[in-house]
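All remarks here apply to the structure that follows.
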2 protein chains.
Amino acid sequence: MSNAKVLPLLEPEPVAPCCPPLTERPMSADEAEVAARMFKALGDPVRLRLFSAVASHEGGEACVCDISDVGVSQPTVSHHLKKLKEAGLLSSERRGTWVYYRVEPSVLAAMGALLAGAAKAA
Amino acid sequence: MSNAKVLPLLEPEPVAPCCPPLTERPMSADEAEVAARMFKALGDPVRLRLFSAVASHEGGEACVCDISDVGVSQPTVSHHLKKLKEAGLLSSERRGTWVYYRVEPSVLAAMGALLAGAAKAA
DNA sequence: CACCTGTATCGACAGACGTCAACATAGACA
DNA sequence: TGTCTATGTTGACGTCTGTCGATACAGGTG
């Protein structure tokens, strides 16, 4: 195995059925469980910076060495990238010496839609 | 005092300057700190359900008694609502016997914009 | 092969977090 | 005033989380 299927829930269907627009109706316990997992992944400053660094990097992907300047140790960086990967927000691929991470667009689209709806409501 | 200024940062400016579109450039440590606080608030299943319940309720606001059926004790509900309030996602107002919570649209708009940009990038 | 660099894993630790029971407070009403 | 309901606060408990140093693994280079 390589970098595949860390979070099986996210592979077959791109989180589309995970969450209603958040203002449409109260979320069920299961829906909340899935959605909260994604928000939680972005709920840490270091992870958010790492994610932003990958997302803003040329081509939407970046080598770890390009983004690991966030003020924590290398094991901590690795740990956070793993968390982001498990949440389905990033995917990784080894190319020679370096490992490249890239953003997973479908999951983000789902989260964005969730919040965009909520903003319109009130 | 009543329900005012739990998070002073969010009062004067509606979090608009808090975050660049997340794909534009790597977030700074300070930006990440502010943004992560909001994501973290939605990173718990119970909080997400409470928030969704408020957001989807008629008029964008709800009494605690209407939304407290999420499977945890009353103190826990109160605790989570406080967290959401501190994160700037909800505001509360007492009207007679009941306390009403309502969604804070500006903050959500900022978060939605953050993610929508990221989804388009990759 | 040995050695070096880049990245992941392990083990440990302090601090944060979610949860509850008990208690406190606010308002309505008699 | 007293009592009842609705909500918030406190204190305690176990668990999760972020962090690091030490170590292991992968791949390139000599």
Side-chain angles (χ1 to χ4, degrees), chain A residues 1-4 6 29 32-33 35-51 53-54 57 61-87 89-102, chain B residues 1-7 29 32-33 35-51 53-54 57 61-87 89-102:
Chain A
M1 75 205 81
S2 60
N3 62 320
V6 193
E33 200 81 38
R37 205 179 334 219
M38 302 188 296
F39 284 115
K40 192 181 211 173
L42 294 181
D44 179 271
V46 174
R47 277 199 296 268
L48 200 48
R49 290 185 71 189
L50 287 171
F51 182 83
V54 172
H57 208 266
E61 73 170 20
C63 155
V64 177
C65 56
D66 289 328
I67 60 176
S68 51
D69 190 20
V70 286
V72 294
S73 70
Q74 177 269 321
T76 302
V77 169
S78 192
H79 170 244
H80 283 307
L81 287 173
K82 186 181 182 182
K83 283 290 192 77
L84 286 168
K85 201 167 136 187
E86 287 173 349
L89 297 175
L90 293 179
S91 60
S92 70
E93 180 192 357
R94 170 155 232 141
R95 285 209 286 274
T97 305
W98 297 280
V99 176
Y100 291 82
Y101 282 80
R102 99 171 36 144
Chain B
M1 73 204 78
S2 58
N3 62 318
K5 299 190 179 39
V6 191
L7 219 185
E33 201 79 38
R37 205 179 334 218
M38 303 188 294
F39 283 115
K40 194 182 212 171
L42 294 181
D44 179 89
V46 173
R47 277 199 295 269
L48 200 48
R49 289 185 71 188
L50 287 171
F51 181 82
V54 173
H57 208 266
E61 73 172 20
C63 156
V64 177
C65 57
D66 289 327
I67 61 176
S68 50
D69 190 20
V70 286
V72 295
S73 70
Q74 176 269 322
T76 302
V77 169
S78 190
H79 171 246
H80 282 308
L81 287 172
K82 186 181 182 182
K83 283 291 192 75
L84 287 168
K85 201 169 137 184
E86 287 173 350
L89 297 175
L90 293 180
S91 61
S92 70
E93 180 192 357
R94 168 156 233 141
R95 285 209 287 276
T97 306
W98 298 278
V99 177
Y100 291 82
Y101 283 80
R102 98 173 35 145

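Naming convention: chains lettered A, B, ... in sequence-line order (proteins, then strands); numbering from 1 in each chain.
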Rounded off to whole Å, could you give me the [atom1]-to-[atom2] distance for the [X] and [N] pair?
| X | N | atom1 | atom2 | answer |
| --- | --- | --- | --- | --- |
| Ile67(A) | dG6(C) | CD1 | P | 14 Å |
| Tyr100(A) | dG27(D) | OH | P | 14 Å |
| His79(B) | dG11(D) | NE2 | C1' | 13 Å |
| Arg37(B) | dC17(C) | CZ | P | 11 Å |
| Leu81(B) | dC17(C) | CG | P | 17 Å |
| Leu84(B) | dT7(D) | CG | C1' | 16 Å |
| Trp98(A) | dT7(C) | CH2 | C1' | 12 Å |
| Leu48(A) | dG18(D) | CG | P | 13 Å |

Proximity to the side chain of [X] - top-ranked nucleotide from [options]:
| X | options | value |
| --- | --- | --- |
| Ser73(B) | dC20(C), dG21(D), dA6(D) | dC20(C) |
| Cys63(B) | dT7(D), dT19(D), dG8(D) | dT7(D) |
| Arg94(A) | dT17(D), dA26(D), dT7(D) | dA26(D) |
| Thr76(A) | dT7(D), dT19(D), dG18(C) | dT19(D) |
| Thr97(A) | dG27(D), dT9(D), dG18(D) | dG27(D) |
| Pro75(A) | dA22(D), dT7(C), dT19(D) | dA22(D) |

Would you indicate what [X] reaches in the nucleic acid, counting non-hydrogen atoms under 4.0 angstrom: base, sugar-phosphate, or nothing?
| X | value |
| --- | --- |
| Val77(B) | nothing |
| Arg95(A) | nothing |
| Tyr101(B) | sugar-phosphate |

* Any donor-acceptor pair under 3.5 Å linking the side chain of Arg47(B) with the backbone of His80(B)? -> no
* **Closest-nucleotide ordering on DNA chain D, the 5'-leading residue of Val99(B) and His80(A)** => Val99(B)
* Structure fact -> Heavy-atom nearest nucleotide on DNA chain D taken for Lys40(A) and for Val64(B); more 5' hit belongs to Val64(B)
* Asked: What about Gln74(B), does its side chain sit under 3.5 Å from the base of dA6(D) through a donor-acceptor pair?
  -> no
* Phosphate oxygens OP1/OP2 of dT7(C): is one of them under 4.0 Å from a side-chain N or O of Lys82(A)? -> no
Just so I know, are the side chains of [X] and [Y] near enough to count as touching, which here means a heavy-atom distance under 4.5 Å?
| X | Y | answer |
| --- | --- | --- |
| Val54(B) | Asp66(B) | no |
| Leu81(A) | Ile67(A) | yes |
| Arg102(A) | Glu93(A) | yes |

* Structure fact -> To the nearest 0.5 Å, atom NZ of Lys40(A) lies from atom CG of Leu48(B) at 12.0 Å
* **Gap separating the CD atom of Glu86(A) from the CG atom of Leu89(A), nearest 0.5 angstrom** => 11.0 Å
